[in-house]
Amino acid sequence: QVQLVESGGGLVQAGGSLRLSCAASGHIFRIITMGWYRQAPGKQRELVATITSGGSTNYADSVKGRFTISRDNAKNTVYLQMNSLKPEDTAVYYCNAHVVTIATMGEDYWGQGTQVTVSS
């Protein structure tokens, strides 16, 4: 079993910054890709950013230039540095990992989510 635990969410003012963390644990052979998704009230879950084990990144257009995703492979941890936050960034942020385990070539795992609220 693989578990993902997010932390770092909270309430911030517009223009402020916040850093999210997600730590993976369990029977992990290799984490291929990790990423962040978010879901705002009344909207579908959307991709925010992803990063591969080799460091290749991908961002949603709405966060380019403001958010930075990074990972520490030794700690099985992914981070999301969020700067210049806007009220429209308010959402529940979910950590995702595509993981190779002893039992499977690759499966997706999700964290429980962490609330980010940006006030104006």
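Every heavy atom of this structure was used, including side-chain atoms; hydrogens, water molecules and symmetry mates were not. Index from 1, following the sequence.
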[X]-[Y] co-clustered via ILVMFWY side chain contacts under 4.5 Å:
X: Tyr94; Y: Leu80; answer: no
X: Leu47; Y: Trp110; answer: yes
X: Val2; Y: Met34; answer: yes
X: Val12; Y: Phe67; answer: yes

Exercise for review: Sorted by first residue and then second, give each side-chain hydrogen bond (donor to acceptor under 3.5 Å, both in side chains) pair with at least one member in residues 30-39; sequence neighbours left out.
Suggested key: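 As it turns out, the side-chain hydrogen bond (donor to acceptor under 3.5 Å, both in side chains) pairs with a partner in residues 30-39, which skip direct neighbours, are Arg30-Ser53, Arg38-Glu46, Arg38-Ser62, Arg38-Asp89, Arg38-Tyr93.
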Practice item. Would you check, one step at a time, whether the test side chain to side chain contact (heavy atoms under 4.5 Å, CB included) holds for Glu88 with Val118? Key: CA-CA 8 Å; Glu88 50 262 45; Val118 184; over 6 Å; no
Exercise for review: Could you walk me through whether Met82 and Leu20 pass side chain to side chain contact (heavy atoms under 4.5 Å, CB included), step by step?
Suggested key: CA-CA 8 Å; Met82 303 184 292; Leu20 305 183; 3.7 Å; yes
Looking at every heavy atom in both [X] and [Y], which two are closest together, and how far apart are they?
X: Ile31; Y: Arg71; result: O-NH2, 3.2 Å
X: Ser17; Y: Asn83; result: OG-OD1, 2.8 Å
X: Leu4; Y: Ala24; result: CD2-CB, 3.3 Å
X: Val48; Y: Val63; result: O-CG2, 3.6 Å
X: Ala14; Y: Pro87; result: CB-CD, 4.2 Å
X: His98; Y: Asp108; result: ND1-OD1, 3.2 Å

Taking atom [atom1] of [X] and atom [atom2] of [Y], what is their separation to the nearest 0.5 Å?
X: Ser21; Y: Gln81; atom1: OG; atom2: CD; value: 9.5 Å
X: Leu18; Y: Gln13; atom1: CG; atom2: CD; value: 12.5 Å
X: Ile28; Y: Tyr109; atom1: CD1; atom2: OH; value: 8.5 Å
X: Leu85; Y: Thr117; atom1: CG; atom2: OG1; value: 11.0 Å
X: His27; Y: Ile102; atom1: NE2; atom2: CD1; value: 8.0 Å

Review point. Is there a side chain to side chain contact (heavy atoms under 4.5 Å, CB included) between Tyr59 and Thr68 once you walk through the steps?
Key: CA-CA 9 Å; Tyr59 296 92; Thr68 302; 3.9 Å; yes
Check your understanding: Can you tell me if Glu107 uses its side chain to pair, donor with acceptor, with the backbone of Val99 under 3.5 Å?
Key ->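 Checked: no pair found.
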Check your understanding: Asp72: what forms a side chain to side chain donor-acceptor pair (under 3.5 Å) with it, not counting sequence neighbours?
Key ->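 Side chain to side chain donor-acceptor pair (under 3.5 Å) check on Asp72 returns nothing, list empty.
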